[in-house]
Protein chains: 2
Amino acid sequence: MNADRAAAASKPIKTAISREDGIDFSIIELLFFAYRDFTSDPDQILAEYDFGRAHHRILHFVNRRPGLTVAELLDVLKITKQSLARVLKQLIDTGHIVQVQGPRDRRQRELYPTAKGRALALALARPQSRRIHDALQGAGSSDRAVVERFLKAMVNPELRAQIDNLPGNVPGKVDGD
Amino acid sequence: MNADRAAAASKPIKTAISREDGIDFSIIELLFFAYRDFTSDPDQILAEYDFGRAHHRILHFVNRRPGLTVAELLDVLKITKQSLARVLKQLIDTGHIVQVQGPRDRRQRELYPTAKGRALALALARPQSRRIHDALQGAGSSDRAVVERFLKAMVNPELRAQIDNLPGNVPGKVDGD
DNA sequence: AAATTTATGTCAATAGTGCTGACATATTTT
DNA sequence: AAAATATGTCAGCACTATTGACATAAATTT
């Protein structure tokens, strides 16, 4: 059969993969489906502006931390300067974001949303927030805390500090308490 | 000031967006960070094979539902035939997946993993499963149920049936009970 | 003051993943 | 025989991300 040359002639496995190797497929799949639908809400709005997810993310963090510098934004998003440039330029050209020369260090460009940028950020967040709210319907406030703890624990430890630096995310505190 | 022509001269907003409009920013952001780090684990392994996330998803579902047809796979992934084609072809050429002519309908191609494809699917799922396991450390089994319920509720209702059709995901049942 | 580092911007090329539209083939259904 | 279905394939385009190279201005170091 010459199964040694190309692996092409390998036999089909007909049994489904399951929990055999202690792999947590349920949550792996749920995260995939949940995130896909979670991002589909704003995607529809963005399409009207000829924007993509990258625009959304930038707009979001500039609204969450007005005055952050380009370097800080790159650090939060974990993308390269070149990837950011094009998208940020569009947001500036369309008047959603403005740049202000840094007061201490004049090389820096502080990024601020405009009223237009603030409005779009809110419009994009609204359906996502509603989806989360609906998903937590009937769940107690302790359930909300469980979900928050879980998601935060999924983040790489080095990056958890970043999350705490965002407004309203006091480390120990849980919304609704 | 001519703020009417281009929105270019709009004033910077210096206050951070917060919970003002009842938007749930904490969980929105947590989902972003959690999902990013969650997918970064397999991405590193995939890079060694010159594969991407698309390969991972296909490999995953072919392993979870061996024998599924191309049409079924398209339905689960919610992508187009043309998008699938390139990536699926690579997985077949590299001997990770084999096609078998449908027994009832000979137009159909049933997709099965090979031993090689099964092994890769497991290798990719392992770090994700470990991350989930670690994130649930110290949480009770009821916490796990809370997380599963939340994630499932985040998925569009029409699609929840699909999830239940995957092995080991009995609708009412929760792992660990 | 000169040299170096830092923050940002920009140009060019490339990759991965998705899309639409069009068309071909084999097979099943009507 | 005709129509519908399942799949495959070609061509072109869009978006997001990458790397490498280079430019400018401002701050820091020597």
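Below, chain A is the first sequence line, B the second, and so on; all start at residue 1.
- With respect to Y35(A), the ring pair (Phe, Tyr, Trp, His ring centres under 6.0 Å) criterion is satisfied by exactly one of F33(B), F32(B), Y35(B): Y35(B).
- Using modelled atom types and a 3.5 Å distance limit, the side chains of H60(B) and E29(A) yield a donor-acceptor pair.
- Between R160(B) and D37(A) no salt bridge is recorded (no basic side-chain N to carboxylate O distance below 4.0 Å).
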R126(B) vs D24(A), salt bridge (charged side-chain N to carboxylate O under 4.0 Å, His left out): CA-CA, chis, key distance, verdict
CA-CA 8 Å; R126(B) 210 163 282 130; D24(A) 199 330; over 6 Å; no
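- Looking at K89(A) and D93(A), a side-chain N of the basic residue comes within less than 4.0 Å of a carboxylate O on the acidic one, giving a salt bridge.
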Nucleotide by nucleotide, nucleotides 1-15 of chain D touches protein heavy atoms under 4.0 Å in the pattern (B base, S sugar-phosphate only, - none) ----BSBBBB-----
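- Atom CD1 of I28(A) and atom CG of L166(B) lie 12.0 Å apart (nearest 0.5 Å).
- Between T69(B) and R109(B), the side chains place no donor N or O within less than 3.5 Å of an acceptor N or O (distance only, hydrogens not considered).
- Taking atom CG of residue L84(A) and atom P of nucleotide dA17(D), one finds them 9 Å apart after rounding to whole Å.
- Rounded to whole angstrom, the span from the CZ atom of R106(B) across to the P atom of dT29(C) amounts to 11 Å.
- Note: CG (L91(B)) to P (dT17(C)) measures 10 Å, nearest angstrom.
- Note: L77(A) CG to F61(A) CZ = 6.0 Å, rounded to the nearest 0.5 Å.
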For DNA chain D, what is the dot-bracket line, given that a base pair needs Watson-Crick (N1 to N3, plus N6-O4 or O6-N4) or G-U wobble (N1-O2 and O6-N3) geometry with both distances under 3.5 Å, and | means paired with another strand?
||||||||||||||||||||||||||||||
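- Distance Q101(A) CD to dA27(D) P: 8 Å, rounded to the nearest Å.
- Summary of the strand contacts: P103(A) and S83(A) both lie near DNA chain D, and taking for each the nucleotide with the nearest heavy atom, the more 5' one is attributed to S83(A).
- Rounded to whole Å, atom P of dT16(D) lies 18 Å from atom CG of D43(B).
- Residue H56(B) contributes atom NE2, which lies 12 Å from atom P of dT17(C) at whole-angstrom precision.
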